[in-house]
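See structure below.
Reminder, nothing fancy here: chain letters follow the sequence lines and each chain counts from 1. Predicted model, so just to flag it, every value in this text is computed and none were measured.
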Amino acid sequence: MSNAPAAKPQTAITPTRQDEFPEWYQQVIKASDMAENSEVRGCMVIKPWGYGIWENIQRQLDKMFKDTGHSNAYFPLLIPLSYLAKEAAHVEGFAKECAVVTHHRLEAVKQEDGSMKMIPTGELAEPYVIRPTSETIIGAAFARWVESYRDLPLLINQWANVMRWEMRPRIFLRTAEFLWQEGHTAHETKEEALAETAQMLTVYETFARDHLALPVITGEKSERERFPGAESTLCIEAMVQDRKAIQAGTSHFLGQNFSTASGIQFTGRSGAREHAWTTSWGVSTRLIGTLIMAHSDDDGLVLPPRVATQQIMILPVTPKEDSKQAVLDACDALARELRALTYAGEPIRAHVDRRDLPGGTRNWEWIKKGVPIRIEIGPRDLEKGSVAVSRRDKGLKEKEFIATADFVSKAAATLEEIQAGLLERATVFRDANMIRITDKAQFEAFFTPKNPDKPEIHGGFAVVDWAGSSDDEDELQKQLGVTIRCLPFGDEWKQPGTCFLTGQPSTQRVIFAKAY
RNA sequence: CGGGGCGUAGCUCAGCUUGGUAGAGCGCUUGCUUUGGGAGCAAGAAGUCGUCAGUUCGAAUCUGGCCGCCCCGACCA
């Protein structure tokens with residue numbers, strides 16, 4: 001007998017979240033088969049299980065955009081170099097991360113060793129930038145399209161890929177190429193544009209909460225975190241399980257900066273030429289990274305049902321050859337029945353995994369892939385007319401035997417229960433790690449890792465009274481690696497107080513945190 | 001772009017110090033046995049050892065150039 005401490009329970013993912021969060025994140029992606037790094041530096045291959053989540057996000061968000069009056073369009077991947085220079089702050093913000101296309105032809109040249117080498121020729125008179133975002137090229141289009149106040153508002157969205165040459169990529173969180181949507185709108189008045197900016201933030205907040213099960217804080221970015229070229233940047237900010245913040249979506253009020261730069265002018269009601277007021281807003285595949293870090297556990301991915309690629313996975317248990325066909329038929333019949341039902345306004349996504357694999361292996365695969373409900377059907381279930389139901393949000397060993405008809409009738413409700421449970425759990429976690437802090441010493445202690453070997457384990461969201469400057473914020477980032485995540489909306493955040501850093505009277509509470 | 005590390009089978013890596021013709025585990029394929037919880041046994045496929053050059057009778061191993069990747073900084077949805 002040894003006196004060694006009891007072995008940790010075995011988990012499907014190593015290391016655990018507690019041991020090494022960043023590595024855990026990578027392993028979850030690998031184990032769930034969502035995506036992989038590609039041979040192109042900084043770019044990812046999104047595999048079907050991951051892309052399915054993106055398709056669900058796209059479809060559901062797109063409906064919300066349409067419901068608020070927006071239309072989709074598509075603009076070029078390549079942006080004339082000169083366009084980017086039109087707005088001063090915008091150039092500065094993106095100049096350092098642009099991929100530039102300088103040639104339009106390749107010439108095959110035979111090498112001495114017989115191999116071919118492709119040499120770019122046909123240099124372009126004006127190089128193109130691969131869009132890091134499309135304000136400038138969409139601005140140029142808007143300038144053509146808008147003539148009269150009667151053309152406004154112009155409410156456009158684009159689903160696209162963009163490229164920002166990142167130094168340190170991380171799958172889904174920060175890749176050189178990523179998928180997103182970018183909304184671009186032009187309005188007659190400042191008030192309308194501001195209302196649009198606020199409205200789209202609410203759309204994002206609703207989507208994050210109801211579809212991704214992410215409780216987010218809505219607010220405004222501080223000056224130093226603002227989008228290059230924006231008058232104000234609104235955001236939804238989420239907390240993930242290492243208690244860091246992640247910006248999950250942004251909505252920008254661009255004032256007349258881009259309409260001036262791009263010449264988006266119209267004849268107003270009084271007959272005068274006026275510059276339009278514009279907005280832009282976006283969410284990206286980063287949402288998937290946020291989902292992973294917010295909900296998953298040491299056994300792999302945990303998916304909110306609404307965006308899960310598959311919601312119900314049916315696993316035939318076929319120990320005997322003579323009952324095999326009957327079991328498979330029953331599984332197919334159940335899948336058909338489930339797909340005819342709806343959950344959250346869409347057909348239930350149910351699939352039968354017919355692969356001939358050992359039961360345990362196959363079961364673990366779906367645990368790691370985070371499918372919300374697993375159903376097992378074997379010969380004994382057939383006799384009893386029941387199914388064995390396992391839920392990803394419950395213990396792995398928990399299995400409930402339910403009459404098939406009862407399961408079917410409750411399927412949508414069960415999915416909603418899982419969805420609500422994930423939101424509840426994430427909200428409790430977030431609230432438990434969002435702490436009111438009133439002095440500098442407390443603030444430093446909150447953000448100083450207790451274990452220097454694991455600097456990722458630190459405080460969370462610090463709620464402080466703030467009257468500091470951008471320089472003060474810079475200083476705190478240097479010292480502790482924290483930034484103002486946002487100046488949250490809501491009366492409870494607009495309390496008078498005393499700035500925790502400067503001691504000056506303050507009118508606003510802000511959230512400081514380490515961020516992705 | 002600074003500082004560190006690493007390129008050997010699909011993956012994780014051993015072998016390199018002391019040069020002698022390629023290894024393990026996992027995964028994959030096939031067969032048998034299994035199957036209500038991540039299976040067992042057996043057989044098999046799979047690598048111009050990142051690349052180019054040099055030293056040598058002989059290089060994964062020694063030397064140099066180049067390329068790529070990872071980690072830590074600066075930047076970032």
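- For B/rU61 and B/rC49, the P atoms lie 9 Å apart once the distance is rounded to whole Å.
- For B/rG31, the paired base is B/rC41 (Watson-Crick or G-U wobble, both distances below 3.5 Å).
- Of the possible polar contacts, none joining the A/Arg485 side chain to the A/Ile236 backbone as a donor-acceptor pair under 3.5 Å is found.
- Qualifying side chain to side chain donor-acceptor pair (under 3.5 Å) partners for A/Ser280, counting only residues two or more places apart in sequence or in other chains: A/Glu135.
- The interatomic distance linking A/Met163 (CE) with B/rC76 (P) rounds to 19 Å, in whole Å.
- Scanning atom types as modelled, one donor and one acceptor separated by under 3.5 angstrom connect the side chain of A/Asp381 and the base of B/rG36.
- Rounded to a whole Å, the CG atom of A/Leu357 is 14 Å from the P atom of B/rG40.
- One C1' atom belongs to B/rC75, the other to B/rC16, and the distance between them is 39 Å to the nearest Å.
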Between protein and nucleic acid, restricted to nucleotides 69-74 of chain B and to nitrogen or oxygen atoms under 3.5 Å apart, what atom pairs and distances do you find?
| from | atom 1 | to | atom 2 | distance (Å) |
| --- | --- | --- | --- | --- |
| B/rC70 | OP2 | A/Arg41 | NH1 | 3.1 |
| B/rC72 | OP2 | A/Arg168 | NH2 | 2.1 |
| B/rG73 | OP2 | A/Arg168 | NH1 | 3.3 |

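- Annotation: side chain to side chain donor-acceptor pair (under 3.5 Å) contacts of A/Glu55 (sequence neighbours excluded): none.
- Here the side chain of A/Arg174 is nearest to one of B/rA77, B/rG38, B/rC11, namely B/rA77.
- The nearest whole Å value for the distance from the NZ atom in A/Lys320 to the P atom in B/rU34 is 12 Å.
- Within residues 47-55 of chain A, no residue has a heavy atom under 4.0 Å from RNA chain B.
- Among pairs with a residue in residues 203-222 of chain A, those fulfilling salt bridge (Lys or Arg N to Asp or Glu O under 4.0 Å) read A/Lys221-A/Glu237, at least two apart in sequence or across chains.
- In terms of heavy atoms, A/Phe447 sits closest to A/Lys514 at O-NZ, 3.5 Å.
- Taking only side-chain atoms of A/Glu166, from C-beta outward, the nucleotide of B/rA39, B/rC76, B/rG36 with the closest atom is B/rC76.
- Residue pairs meeting the salt bridge (Lys or Arg N to Asp or Glu O under 4.0 Å) criterion with at least one member in residues 308-325 of chain A, sequence neighbours excluded, do not occur.
- Every side chain to side chain donor-acceptor pair (under 3.5 Å) that A/Gln27 has, sequence neighbours left out, goes to A/Glu23.
- Between the C1' atom of B/rC76 and the CD1 atom of A/Ile246 lies a distance of 12 Å, rounded to the nearest Å.
- Nucleotides B/rC72 and B/rG25 are separated by 31 Å at their C1' atoms, to the nearest Å.
- Among the nucleotides B/rG36, B/rC76, B/rG38, the one closest to any side-chain atom of A/Pro379 is B/rG36.
- For RNA chain B, the residues of residues 285-301 of chain A within the heavy-atom distance limit of 4.0 Å (strictly under) are A/Arg286, sorted by number.
- Rounded to a whole angstrom, the distance from the P atom of B/rC69 to that of B/rC11 is 15 Å.
- A gap of 32 Å separates the C1' atoms of B/rC6 and B/rC57, to the nearest Å.
- Counting distance only, with no hydrogens placed and no angle test, the side-chain atoms of A/Arg164 and the base atoms of B/rC76 include no donor-acceptor pair under 3.5 Å.
- Annotation: cation-pi pair A/Lys47/A/Trp49 absent, no NZ/CZ under 6.0 Å from the ring centroid and within 45° of its normal.
- For A/Ala12, the listed nucleotide lying nearest its side chain is B/rG38; candidates were B/rC76, B/rG38, B/rU35.
- With sequence neighbours left out, A/Glu231 forms a side chain to side chain donor-acceptor pair (under 3.5 Å) with A/Asn257.
- B/rU56 and B/rU21: their C1' atoms are spaced 15 Å apart (whole Å).
- Spacing of C1' atoms, B/rA9 relative to B/rA22, comes out at 10 Å, to the nearest Å.
- We find that CD of A/Glu97 is positioned 15 Å from C1' of B/rC1, with the value rounded to whole Å.
- Checking the phosphate oxygens (OP1, OP2) of B/rU35, no side-chain nitrogen or oxygen of A/Thr318 falls inside 4.0 Å.
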Using distance only, find each side-chain donor-acceptor pair of residues 83-92 of chain A under 3.5 Å and give its atom names and separation, not counting sequence neighbours.
| from | atom 1 | to | atom 2 | distance (Å) |
| --- | --- | --- | --- | --- |
| A/Glu87 | OE1 | A/Ala89 | N | 3.1 |
| A/Glu87 | OE1 | A/His90 | N | 3.0 |
| A/His90 | ND1 | A/Pro228 | O | 3.2 |

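- Across all strands shown, B/rC1 pairs with B/rG73; the Watson-Crick or G-U wobble distances both stay below 3.5 Å.
- The same atom, C1', is picked in B/rA46 and in B/rC62; the two are 30 Å apart, to the nearest Å.
- If you take CZ of A/Arg362 and P of B/rU35, they are 15 Å apart, rounded to a whole angstrom.
- Residue pairs meeting the ring pair (Phe, Tyr, Trp, His ring centres under 6.0 Å) criterion with at least one member in residues 379-399 of chain A, sequence neighbours excluded, do not occur.
- Evaluation of the salt bridge (Lys or Arg N to Asp or Glu O under 4.0 Å) test over residues 287-301 of chain A, restricted to residues two or more places apart or in two chains, returns A/Arg17-A/Asp298, A/Asp297-A/Arg392.
- The distance from atom CH2 of A/Trp180 to atom P of B/rC76 is 15 Å, rounded to the nearest whole Å.
- Between A/Lys30 atom NZ and B/rC26 atom P there is a gap of 16 Å when expressed in whole angstrom units.
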